[in-house]
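Each remark here refers to the structure printed beneath this line.
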Amino acid sequence: MLTKTQIRRALDQMGELFPEAHCELVHENPFELVIAVALSAQCTDALVNRVTKNLFQKYKTPEDYLAVTLEELQEDIRSIGLYRNKAKNIRNLCALLLEEYNGEVPKDRDELVKLPGVGRKTANVVVSVAFGIPAIAVDTHVERVSKRLGFCRWKDSVLEVEKTLMKKIPAEEWSDTHHRMIFFGRYHCKAQAPKCGECPLFDLCREGSKRMKKGLIQYAK
DNA sequence: CTCCCGATAT
DNA sequence: ATATCAGGAG
């Protein structure tokens, strides 16, 4: 496990590598963001954006999603995968928004997770990105980076990872940190071919030295 | 724990 | 051919 100081240095390095780190899901309001994040489960942001470009022109309000058949909505999102579950979730989410929340996206995480298809990770993205409330959404990238670098323990659940990060990082930096870690994980510390050979954090990374011994490291240029 | 699932990188 | 993708529900 890294110390607070080592974590600080690691996050600063990520900030230098990706100063422009931000939410890459295209959206214009909290409602669109909820839909986009719910669609993004086990699917790339690029693919979600390709679908929502048309989706958000066709469906502007919760009522719009309820006005078509389930089959039509399925076809509109088919290319992102898991489309039957996601279409059903979106419809039920819209119905619940209209019934319980006056058609508006709640700003509270505990209310957000009551929406179908919205778990803790999605709720954290929404409160953080749409409403500016400090949160750390632990997705596949944040979890992988945290475990490889040693921000947390290998056996930690995603909830434990989130708690550990919140304990070691000041609240005002949670949102920035989470985007930096996502960019770092998505473009540098990738799941399949991590760029350990050109990584400024190699010296403090336990996964890097492990890969070095196994001869797995690719040195770019 | 399993299932949902198409697109893309490796 | 297989692994992975801003996970969530049963």
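Remember, predicted model here, so these are calculated numbers, not experimental data. So you know, we letter chains A, B, ... as the sequences are listed, proteins then strands, and number each from 1.
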Picking from [options], which would you name as closest to the side chain of [X]?
| X | options | answer |
| --- | --- | --- |
| A/R78 | B/dG6, C/dA6, B/dC5 | B/dG6 |
| A/S40 | C/dA3, C/dC5, C/dA6 | C/dA6 |
| A/H179 | B/dA9, C/dA6, C/dG7 | C/dA6 |
| A/S79 | B/dA7, C/dA6, C/dG7 | B/dA7 |
| A/L47 | C/dA6, C/dT4, B/dA7 | B/dA7 |

Distance between the [atom1] atoms of [N] and [M], in whole angstroms?
| N | M | atom1 | result |
| --- | --- | --- | --- |
| C/dA3 | B/dT2 | P | 15 Å |
| B/dC5 | C/dT4 | C1' | 13 Å |
| C/dC5 | B/dC4 | C1' | 14 Å |
| C/dG8 | B/dA7 | P | 22 Å |

For A/N54, is there any backbone N or O sitting under 3.5 Å from a side-chain donor or acceptor partner on A/Q57?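 Pair absent, no side-chain N/O of A/Q57 close to backbone of A/N54.
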Please check if the side chain of A/R144 supplies one atom and the backbone of A/G185 the other of a donor-acceptor pair under 3.5 Å.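 Such a contact is found between A/R144 side chain and A/G185 backbone.
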Using side chain to side chain donor-acceptor pair (under 3.5 Å), reason through A/D76 and A/Y59 one step at a time and then give a plain yes or no. CA-CA 11 Å; A/D76 287 336; A/Y59 307 91; 2.6 Å; yes
Whole angstrom is fine here: how far is it from [atom1] in [X] over to [atom2] in [N]?
| X | N | atom1 | atom2 | value |
| --- | --- | --- | --- | --- |
| A/K121 | C/dC5 | NZ | C1' | 10 Å |
| A/L159 | C/dG7 | CG | P | 16 Å |
| A/R144 | C/dA3 | CZ | P | 15 Å |
| A/K86 | C/dG10 | NZ | P | 16 Å |

Ignoring hydrogens, what is the shortest heavy-atom contact between A/D156 and A/K147? Give both atom names and the distance.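 Smallest interatomic distance, heavy atoms only, reads O-NZ, 2.7 Å.
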Under 4.0 Å: is that the gap between some side-chain N or O of [X] and OP1 or OP2 of [N]?
| X | N | answer |
| --- | --- | --- |
| A/T140 | C/dC5 | yes |
| A/K190 | C/dA3 | no |
| A/R50 | B/dT8 | yes |
| A/R186 | C/dA6 | yes |

What nucleic acid atoms does A/L115 come within less than 4.0 Å of, heavy atoms only: base, sugar-phosphate, or nothing? sugar-phosphate
Does A/D45 come within less than 4.0 Å of A/R186, counting only side-chain N to carboxylate O? yes
Residue met sooner reading DNA chain B from 5', once A/Q42 and A/A193 are mapped to nucleotides: A/Q42
Which is more 5' along DNA chain C, the nucleotide nearest A/T44 or the one nearest A/V118? Just name the residue.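 The residue closer to the strand's 5' end, by nearest nucleotide, is A/T44.
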